[in-house]
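Working notes for the structure below.
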Protein chains: 2
Amino acid sequence: MPAPRQGLSELLERNAVRATPRRLEVLEELARERDDVTAQQLWSRLRERDSAAGLATVYRTLALLSEKGVVDVLSHHGGEQCYRLCGDAHHHHLLCERCHRVVEIQECGLDDWVAAAAKQHGFVATDHRVEIVGLCADCR
Amino acid sequence: MPAPRQGLSELLERNAVRATPRRLEVLEELARERDDVTAQQLWSRLRERDSAAGLATVYRTLALLSEKGVVDVLSHHGGEQCYRLCGDAHHHHLLCERCHRVVEIQECGLDDWVAAAAKQHGFVATDHRVEIVGLCADCR
DNA sequence: CGTGCGAATGAGAACCGTTATCGTTCTCGC
DNA sequence: GCGAGAACGATAACGGTTCTCATTCGCACG
Ligand SMILES: [Zn+2]
Ligand SMILES: [Zn+2]
Ligand SMILES: [Zn+2]
Ligand SMILES: [Zn+2]
């Protein structure tokens with residue numbers, strides 16, 4: 001599981017985000033998700049749980065959380081952003097192209113390769129993004 | 001430079017795209033760009049050159065060219081797609097976070113790493129995307 | 001307990017990149 | 001030239017995201 005159900009409030013405080021009821025609802029819903037979700041999906045799921053959260057608040061909260069580094073943003077759906085509550089450590093993602101499952105790759109180990117590739121073109125690397133697309137065990 | 005000015009017509013034919021004057025204008029403009037461009041940027045530059053190309057045609061052409069693998073699509077501007085005429089071979093991109101310069105990384109060499117990371121989580125990798133963000137030689 | 005003030009929120013309008021529609025124009029084999 | 005089909009330009013429509021603004025909430029202070 002990507003994050004413990006308990007301690008969501010602490011997770012917010014630790015990242016300098018004031019913990020409000022609405023933000024906790026959004027974070028709880030994110031913690032329930034195995035894969036990533038769009039803002040609108042998250043909003044309708046909250047609605048199904050009788051939350052009064054407005055769509056604007058969901059967008060605002062997700063923007064705030066991604067800005068503070070609490071959630072990851074994935075742009076693999078062309079035009080629509082996906083959000084996921086992941087671990088704190090640097091990691092990359094494995095995406096199933098059929099069922100859209102998202103799995104974290106914990107060990108990066110690409111720093112040397114990244115630095116070398118950057119240096120070769122006169123760049124200094126400050127960050128890198130890697131996504132592996134394929135078929136998960138269930139979809140093979 | 002990413003592509004020779006000559007042979008743009010052949011480039012289209014080779015990829016099963018009928019070479020029309022409008023498409024050649026779009027492709028010429030892409031070939032002029034060092035970095036990537038959005039559809040709207042490309043359209044306004046065509047307008048500056050007194051082209052009568054419509055915005056819809058620019059979008060249609062870019063969609064067609066990316067579908068046929070003639071141009072690369074980058075999604076690093078959140079909500080806005082960028083297009084670039086790159087080489088044919090598999091490659092990744094180096095992005096300058098300050099001036100938005102884009103450089104191709106020719107040697108990938110990550111296939112083994114990708115396959116291993118996928119296998120570790122029961123996936124079979126079919127593709128991968130890598131972007132290195134940093135500062136180019138001019139911006140350092 | 002009230003009171004007040006700034007942050008947060010909900011509803012809906014506005015925004016903006018992209019796509020669909022439709023009537024016209026172009027292309028190319030005949 | 002001619003005709004069928006592809007491509008095109010203008011513009012309306014679409015969908016995801018952000019903005020606006022009036023209201024509510026959270027919380028410190030009296
Ligand atoms: Zn993640
Ligand atoms: Zn799957
Ligand atoms: Zn490229
Ligand atoms: Zn630069």
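FYI, side chains are in, hydrogens and waters are out, and symmetry mates aren't considered; it's all heavy atoms of this structure.
Atom CG of A:Leu24 is separated from atom P of D:dG26 by 12 Å (rounded to the nearest Å). Summarising the geometry, the separation between CG on B:Leu12 and C1' on D:dA6 is reported as 15 Å, rounded to the nearest angstrom. Taking atom CD of residue A:Gln41 and atom P of nucleotide D:dT17, one finds them 11 Å apart after rounding to whole Å. Remark: P of C:dT18 and CG of B:Leu64 are 17 Å apart, rounded to the nearest angstrom. Here D:dA7 presents its C1' atom at 7 Å from CZ of B:Arg23, a figure rounded to the nearest Å. A straight line from CG of A:Leu55 to P of C:dA14 spans 17 Å, rounded to a whole angstrom. Distance, B:Leu46 CG to D:dA10 P: 13 Å, rounded to whole Å. In this entry the distance linking CH2 of A:Trp43 with P of C:dG10 reads 11 Å, nearest Å.
Of the candidates D:dT18, C:dG10, C:dT18, the closest approach to any side-chain atom of A:Ala53 belongs to C:dG10. Between C:dT9, D:dT17, D:dA7, one nucleotide has an atom nearer to the side chain of A:Gln40 than all others, and that is D:dT17. Picking from C:dG10, D:dG16, D:dC8 the nucleotide with the shortest atom distance to the side chain of A:Glu80 gives D:dG16. When the nucleotides C:dT18, C:dG10, D:dA7 are ranked by their closest atom to the side chain of B:Tyr59, C:dT18 comes out on top. Side-chain proximity of B:Pro21 to D:dG9, C:dT27, C:dG10: nearest is C:dT27. For B:Ala56, the side-chain atoms get nearest to C:dA20 when compared with the rest of D:dC8, C:dA20, C:dT9.
Taking a cutoff of 4.0 Å between a charged side-chain nitrogen and a carboxylate oxygen, A:Glu25 and A:Arg22 qualify as a salt bridge. Between A:Glu29 and A:Arg49, at least one side-chain nitrogen of the basic residue sits less than 4.0 Å from a carboxylate oxygen of the acidic one, meeting the salt-bridge criterion.
In this model, the phosphate group of C:dA8 is not approached by any side-chain N or O of A:Thr20 to a distance below 4.0 Å at OP1 or OP2. Taking only side-chain nitrogens and oxygens, B:Arg22 never comes nearer than 4.0 Å to OP1 or OP2 of C:dT25.
Using a 4.0 Å heavy-atom criterion, one finds that B:Ala52 contacts the sugar-phosphate atoms exclusively.
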Kindly determine whether A:Arg98 and A:Leu135 satisfy side chain to side chain contact (heavy atoms under 4.5 Å, CB included), including the steps that lead there.
-> CA-CA 7 Å; A:Arg98 195 164 157 277; A:Leu135 288 169; 3.9 Å; yes
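Side-chain polar atoms of A:His128 and A:His92 form a donor-acceptor pair below 3.5 angstrom. Judged by distance alone, the side chains of B:Asp36 and B:His93 never bring a donor and an acceptor atom under 3.5 Å apart.
Across the interface with DNA chain C, nearest-nucleotide mapping of B:Arg18 and B:Tyr83 shows B:Tyr83 to be the residue nearer the 5′ end.
Residue side chain A:Arg60 reaches the base of C:dG10 through a donor-acceptor N/O pair under 3.5 Å, judged by distance alone.
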